[in-house]
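The structure under discussion appears below in the form of structure tokens.
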Amino acid sequence: MERINTLISEKGVIYLISQIVSIIATLFLLFSYQMKKHRTIVLMQSMASLLFGLQYLMIGLYGGALCNFVGMIRSYTYSYRTKSKYVDHIMCPIIFSIAFAAVGYFTYETVLSLLPICAMIISSFVTWNPRTQQLRALTLPTSAMWLVYNFVGGSVVAVGAEIMSEISIVIGLIRFRKKKQSVTSC
């Protein structure tokens with residue numbers, strides 16, 4: 001209890017609340033990689049993005065917040081992949097990439113602020129891919145970019161979230177891998 005009081009007195013109640021929101025967002029993110037269907041994965045990631053966006057907003061990392069709010073819309077849109085000719089068209093991830101570039105233009109502060117922008121541009125194509133194993137595998141580099149951003153930005157829980165996310169991705173890759181059929185000779 002004393003540690004919590006010290007944390008509140010040093011960082012404030014808003015910071016503490018932001019970290020609780022980050023924990024909830026982390027749960028959505030971690031469980032998303034354990035889902036089998038693309039639609040379920042991206043819908044859970046949409047909720048995680050909303051919560052991470054709120055968390056970043058509370059701690060003053062506005063680039064990360066805007067990236068996550070646009071990411072929430074992107075993930076929700078991608079939940080209609082294979083159900084909408086507009087979402088299935090290659091222009092869809094291109095439009096979201098342009099949106100992330102615009103966020104980067106308006107929120108640029110340092111080279112560090114480019115990490116979430118780059119991660120979200122890359123993930124616009126990664127999460128658009130309906131092949132869930134490729135989605136999981138190609139998310140690893142973008143997760144590393146967010147890890148660095150969170151570490152330098154001081155979001156302690158989000159650092160842990162990215163580490164756990166990478167572990168969850170690897171578990172998902174192993175769980176859902178297709179076993180090669182062995183060829184037996186007669």
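Excluded from the calculations below are hydrogen atoms, water molecules and symmetry mates; all remaining heavy atoms, backbone and side chain alike, are included. As the structure is a prediction and not an experimental result, all values here were calculated from the model.
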Q) Do other residues, nucleotides or ligands put more than 12 heavy atoms under 6.0 Å from the CZ atom of F31? A) no
In this structure, OG1 of T107 is separated from CG of L61 (nearest 0.5 Å) by 10.5 Å
Nearest heavy-atom contact between C67 and I117 is SG-CD1, 3.3 Å
For V42 and S75 the tightest heavy-atom approach is O-CB, 3.2 Å
(message) With clusters defined by side-chain heavy atoms of hydrophobic residues (ILVMFWY) lying less than 4.5 Å apart, directly or transitively, does I17 cluster with L54?
(response) yes
Q. Are any non-hydrogen side-chain atoms of C92 and Y86 less than 4.5 angstrom apart?
A. no
Rounded to the nearest 0.5 Å, the CG atom of L140 sits from the CE atom of M145 at a distance of 11.5 Å
Note to self: side-chain contact (heavy atoms from CB on, under 4.5 Å), that's the test. Do M44 and M35 meet it? Break it down for me.
What the structure shows: CA-CA 9 Å; M44 290 185 78; M35 299 297 122; 3.6 Å; yes
Next item on the list: Identify whether L43 and F28 are in the same connected component of the hydrophobic contact network (ILVMFWY, side-chain heavy atoms under 4.5 Å).
Entry: yes
Spell out, as yes or no, whether a donor-acceptor pair under 3.5 Å connects the side chain of R177 to the backbone of I174.
yes
Margin query: Between L50 and F69, is there a side-chain heavy-atom distance shorter than 4.5 Å?
Written below: yes
Residue pair K37 / T132, side-chain heavy-atom distance below 4.5 Å: no
_Within the structure provided, determine whether S124 and Y78 are in side-chain contact (heavy-atom separation under 4.5 Å)._
yes
- request: Report yes or no: do R74 and S123 form a side-chain donor-acceptor pair below 3.5 Å?
  value: yes
For E166 and A144, the nearest pair of non-hydrogen atoms, with its separation, is OE2-N, 3.2 Å
| task | List the steps, then state whether ring-ring contact (aromatic ring centres under 6.0 Å, His included) holds for F125 with W128. | result | CA-CA 5 Å; F125 293 93; W128 181 71; 7.3 Å; no
Heavy-atom nearest pair, Q133 first then G172, reads OE1-O, 3.6 Å
- Message: Using modelled atom types and a 3.5 Å cut-off, is there a donor and acceptor pairing between side-chain atoms of R136 and backbone atoms of I169?
- Response: no
Starting from M164, can I reach L27 by hopping between I/L/V/M/F/W/Y residues whose side chains sit under 4.5 Å apart?
no
key: S165 and L30, any side-chain heavy atoms less than 4.5 Å apart   = yes
### Message
If you define the side chain from C-beta out and look only at heavy atoms, does anything of I121 sit under 4.5 Å from F96?
### Response
no
Can you say whether the rings of Y56 and Y149 are parallel (under 30°), tilted (30 to 60°) or perpendicular (over 60°)? perpendicular
### Message
Can you classify the ring geometry of Y76 versus Y80 as parallel (below 30°), tilted (30 to 60°) or perpendicular (above 60°)?
### Response
perpendicular
Q: Would you please test Y33 and I171 for side-chain contact (heavy atoms from CB on, under 4.5 Å) and show each step?
A: CA-CA 8 Å; Y33 297 116; I171 291 169; over 6 Å; no
When every non-hydrogen atom of L138 is compared with those of P141, the smallest separation belongs to O-CD, 3.2 Å
dist T82:OG1 -> H38:NE2 (nearest 0.5 Å) comes out at 8.5 Å
Does S155 offer a backbone N or O that forms a donor-acceptor pair with the side chain of N150 under 3.5 Å? no
query: If only atom types and distance count, is the side chain of T139 paired as donor or acceptor with the main-chain N or O of L135 below 3.5 Å?
result: yes
Okay, side chain of S97, backbone of P93: is any donor-acceptor separation there less than 3.5 Å?
yes
Crowding at CZ, F151 (>12 non-hydrogen neighbours, <6.0 Å)
no
Check your understanding: Given S143 and E162, is the side-chain hydrogen bond (donor to acceptor under 3.5 Å, both in side chains) satisfied, shown in steps?
Key -> CA-CA 6 Å; S143 179; E162 291 304 329; 2.5 Å; yes
Next on the checklist: Checking the side chain of Q55 only, and the main-chain atoms of Q19 only, is there a donor and an acceptor separated by less than 3.5 Å?
Outcome noted: no
* **Student check: side-chain heavy atoms of W146 and M120 closer than 4.5 Å** => yes
Is the shortest side-chain heavy-atom distance between F52 and V21 below 4.5 Å? no
Are I24 and V156 joined in one hydrophobic group, where the rule is that I, L, V, M, F, W and Y side chains link up if heavy atoms are under 4.5 Å apart? yes
Steps toward side-chain contact (heavy atoms from CB on, under 4.5 Å) verdict (L112, L115): CA-CA 6 Å; L112 177 70; L115 283 175; 3.7 Å; yes
Looking only at heavy atoms, the pair that brings G154 and Y15 closest together is O-OH, 2.9 Å
query = Judged by modelled atom types alone, do S168 and Q34 share a side-chain donor-acceptor pair under 3.5 Å?
reply = yes
Give a yes or no on whether V148 and Y108 share a hydrophobic cluster (residues Ile, Leu, Val, Met, Phe, Trp, Tyr; joining criterion: side-chain heavy atoms under 4.5 Å apart). no
